[in-house]
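Single-structure report; data block below.
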Protein chains: 2
Amino acid sequence: MTKPTRRDLRRGQTIDEIVGIAIAVMTEDGVAALSLSEVARRLGVRPPSLYKYFPSRMALFDRLFYDGHQQYRDEFRAGAKTADPGLPALVAGLEAGGRWAMRNQALAQLLFWRPVPKFEPSIESFAPGLAVVEDIKQMLAEAVDRGQVAPAAASLEAMSLLSILVTGIVSQQLANAPDEPFEAGRFTRLAPQVFAMFRAHYPPVIG
Amino acid sequence: MTKPTRRDLRRGQTIDEIVGIAIAVMTEDGVAALSLSEVARRLGVRPPSLYKYFPSRMALFDRLFYDGHQQYRDEFRAGAKTADPGLPALVAGLEAGGRWAMRNQALAQLLFWRPVPKFEPSIESFAPGLAVVEDIKQMLAEAVDRGQVAPAAASLEAMSLLSILVTGIVSQQLANAPDEPFEAGRFTRLAPQVFAMFRAHYPPVIG
DNA sequence: GTCTATAGCCTGATAGAC
DNA sequence: GTCTATCAGGCTATAGAC
């Protein structure tokens with residue numbers, strides 16, 4: 001709640017720079033191959049200097065995990081706002097999230113796969129991810145209220161099915177044709193059909 | 001075509017041992033963190049000795065990729081044989097493949113994700129994977145012939161949709177609850193519903 | 001907040017003796 | 001097919017001077 005000093009601002013900028021470089025390194029060498037020394041080299045400092053900003057390599061992973069989930073959450077929410085409440089908003093949010101994943105492949109791998117077995121994200125870093133889960137839960141409930149889908153769609157199972165569909169689209173695109181943009185991707189392009197499958201699986205009761 | 005000598009056999013055993021250790025290391029430290037020195041340490045030899053069996057770290061990845069795809073192909077085909085031709089066989093094969101993935105998580109990541117950006121599998125290593133693709137193409141055609149699904153299911157799009165569904169199930173299970181077995185997994189358990197979605201998307205024409 | 005220096009490791013890969 | 005020795009470099013992390 002205290003006003004940040006000039007030094008705090010400078011420090012924040014440096015941290016952001018470290019995060020940006022770390023993302024670049026992960027993109028080039030693989031998420032699990034992130035090295036502090038390589039980050040220091042590109043930042044133009046000696047490795048020990050990084051320890052003023054992050055106490056360990058895992059702490060940097062945790063920050064990346066946190067930032068990634070925050071970005072994903074923001075993109076999801078921004079996308080959701082562009083469509084009608086309920087199922088359209090949910091689909092729009094998930095598509096926006098998919099687009100973010102294709103633009104931020106290294107972070108997406110860190111968030112949605114498990115490329116670094118010994119990295120366990122902290123509960124704080126997980127929070128923005130849980131917020132999205134809560135959003136989706138409420139949007140499914142809203143979709144049911146509006147008669148867009150069957151009541152069974154407001155369930156843990158439906159959420160799991162949705163996550164399977166979205167993860168499948170993005171995983172296949174990332175693994176097989178990472179350079180194709182979301183709109184033209186041979187897998188991401190099928191998003192409408194995939195979401196149609198979901199709606200057909202939970203058809204609303206007419207009447 | 002020549003009969004393998006005793007030395008060839010011994011050599012093959014050593015190679016198999018190296019491959020097994022490499023899989024263990026990838027499982028513990030991440031696929032991208034595979035190191036030849038760690039393999040040598042566990043094998044009880046010095047690192048240079050490994051170069052008699054693999055000319056480079058990437059060559060070892062390539063062998064792992066090849067072995068993995070062979071295993072996956074065999075599991076897929078064995079599973080497919082347990083069910084009626086056409087769609088049932090295809091679903092049974094894909095489920096068997098999913099079970100294999102949960103039992104061989106490191107190999108599955110190497111095959112179906114892209115954890116080592118600088119590793120490019122050779123065409124030979126890709127061959128068993130392409131064989132499965134051919135199998136699936138034929139099984140979808142057979143399913144259409146038998147009236148199990150709509151003619152549109154014999155298409156590249158249907159194959160992509162299927163791959164999205166299967167990859168989604170396995171990816172979510174691997175990333176979120178890798179220790180749950182296929183039958184009890186919170187995501188893999190939903191395989192029947194997911195395949196039902198696929199069938200409903202390509203309903204056969206009655207008549 | 002930066003640095004040097006250092007500890008204590010590790011890496012992939014090659015040359016050449018045995 | 002194993003080894004030692006070596007190259008040429010890498011790594012995370014800490015202590016302590018400036």
Side-chain angles (χ1 to χ4, degrees), chain A residues 4-26 28-65 110 115-120 122, chain B residues 4-65 110 115-122:
Chain A
T5 64
R6 262 192 297 272
R7 205 175 56 204
D8 290 338
L9 289 175
R10 176 93 182 83
R11 182 179 166 82
Q13 284 173 9
T14 305
I15 287 180
D16 288 346
E17 210 172 338
I18 292 171
V19 166
I21 292 171
I23 291 170
V25 173
M26 290 191 297
E28 287 168 40
D29 300 338
V31 175
L34 173 63
S35 106
L36 292 182
S37 296
E38 181 62 24
V39 172
R41 207 172 295 123
R42 298 191 188 194
L43 186 60
V45 301
R46 304 292 167 181
S49 302
L50 291 182
Y51 286 81
K52 294 286 172 186
Y53 302 96
F54 294 99
S56 72
R57 180 171 173 262
M58 287 305 164
L60 176 52
F61 272 127
D62 208 51
R63 171 63 181 246
L64 291 161
F65 191 88
L110 182 62
V116 190
K118 281 168 183 166
F119 164 58
E120 208 61 51
S122 63
Chain B
T5 65
R6 263 192 297 272
R7 205 176 55 205
D8 289 339
L9 289 175
R10 178 93 182 83
R11 182 180 167 81
Q13 283 173 10
T14 304
I15 288 180
D16 288 346
E17 211 172 337
I18 292 171
V19 166
I21 293 172
I23 291 170
V25 173
M26 290 191 296
T27 304
E28 287 168 40
D29 300 339
V31 174
L34 173 63
S35 107
L36 292 182
S37 298
E38 182 62 26
V39 173
R41 205 172 296 123
R42 298 191 189 193
L43 186 60
V45 302
R46 303 293 167 181
S49 303
L50 292 181
Y51 286 81
K52 294 287 172 188
Y53 302 96
F54 294 99
S56 72
R57 179 171 174 261
M58 287 305 164
L60 176 52
F61 272 127
D62 208 51
R63 171 63 180 246
L64 292 161
F65 191 89
L110 182 63
V116 190
K118 281 166 183 166
F119 163 59
E120 208 61 53
S122 63

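Proteins get letters first, then strands, A, B, ... in listed order; numbering begins at 1 in each.
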Residues that B:F61 engages under ring pair (Phe, Tyr, Trp, His ring centres under 6.0 Å), provided they are two or more places apart: B:F119
Sequence-distant partners of A:R42, side chain to side chain contact (heavy atoms under 4.5 Å, CB included), two or more places apart: A:I21, A:A24, A:V25, A:E28, A:E38
Please identify each residue that fulfils side-chain hydrogen bond (donor to acceptor under 3.5 Å, both in side chains) with B:S122, with sequence neighbours left out. B:D62, B:S125
Would you say that B:R63 contacts B:I15 through its side chain, given a criterion of any heavy-atom pair below 4.5 Å between the two side chains? yes
Just jot down the side chain to side chain contact (heavy atoms under 4.5 Å, CB included) partners of B:A22, sequence neighbours excluded, or say none. B:L34, B:V39, B:L60, B:L64
Partners meeting side-chain hydrogen bond (donor to acceptor under 3.5 Å, both in side chains) with B:R57 (sequence neighbours left out): none
Side chain to side chain contact (heavy atoms under 4.5 Å, CB included) partners for B:P117, two or more places apart: none
Can you list every ring-ring contact (aromatic ring centres under 6.0 Å, His included) pair that touches residues 15-57 of chain B, not counting sequence neighbours? none
side-chain hydrogen bond (donor to acceptor under 3.5 Å, both in side chains) against A:D8, all qualifying residues, sequence neighbours excluded: A:T5
Among residues at least two apart in sequence or on other chains, which ones pass side-chain hydrogen bond (donor to acceptor under 3.5 Å, both in side chains) with B:D29? A:K118
Min and max contacting nt of DNA chain D in 5' to 3' order, chain B heavy atoms within under 4.0 angstrom, are D:dG1 to D:dA5
Per the under-4.0 Å heavy-atom filter, residues of residues 9-47 of chain B near DNA chain D come out as B:R11, B:V45, B:R46
Which residues within residues 48-62 of chain A lie with some heavy atom under 4.0 Å of an atom in DNA chain D? A:P48, A:Y51, A:S56, A:R57
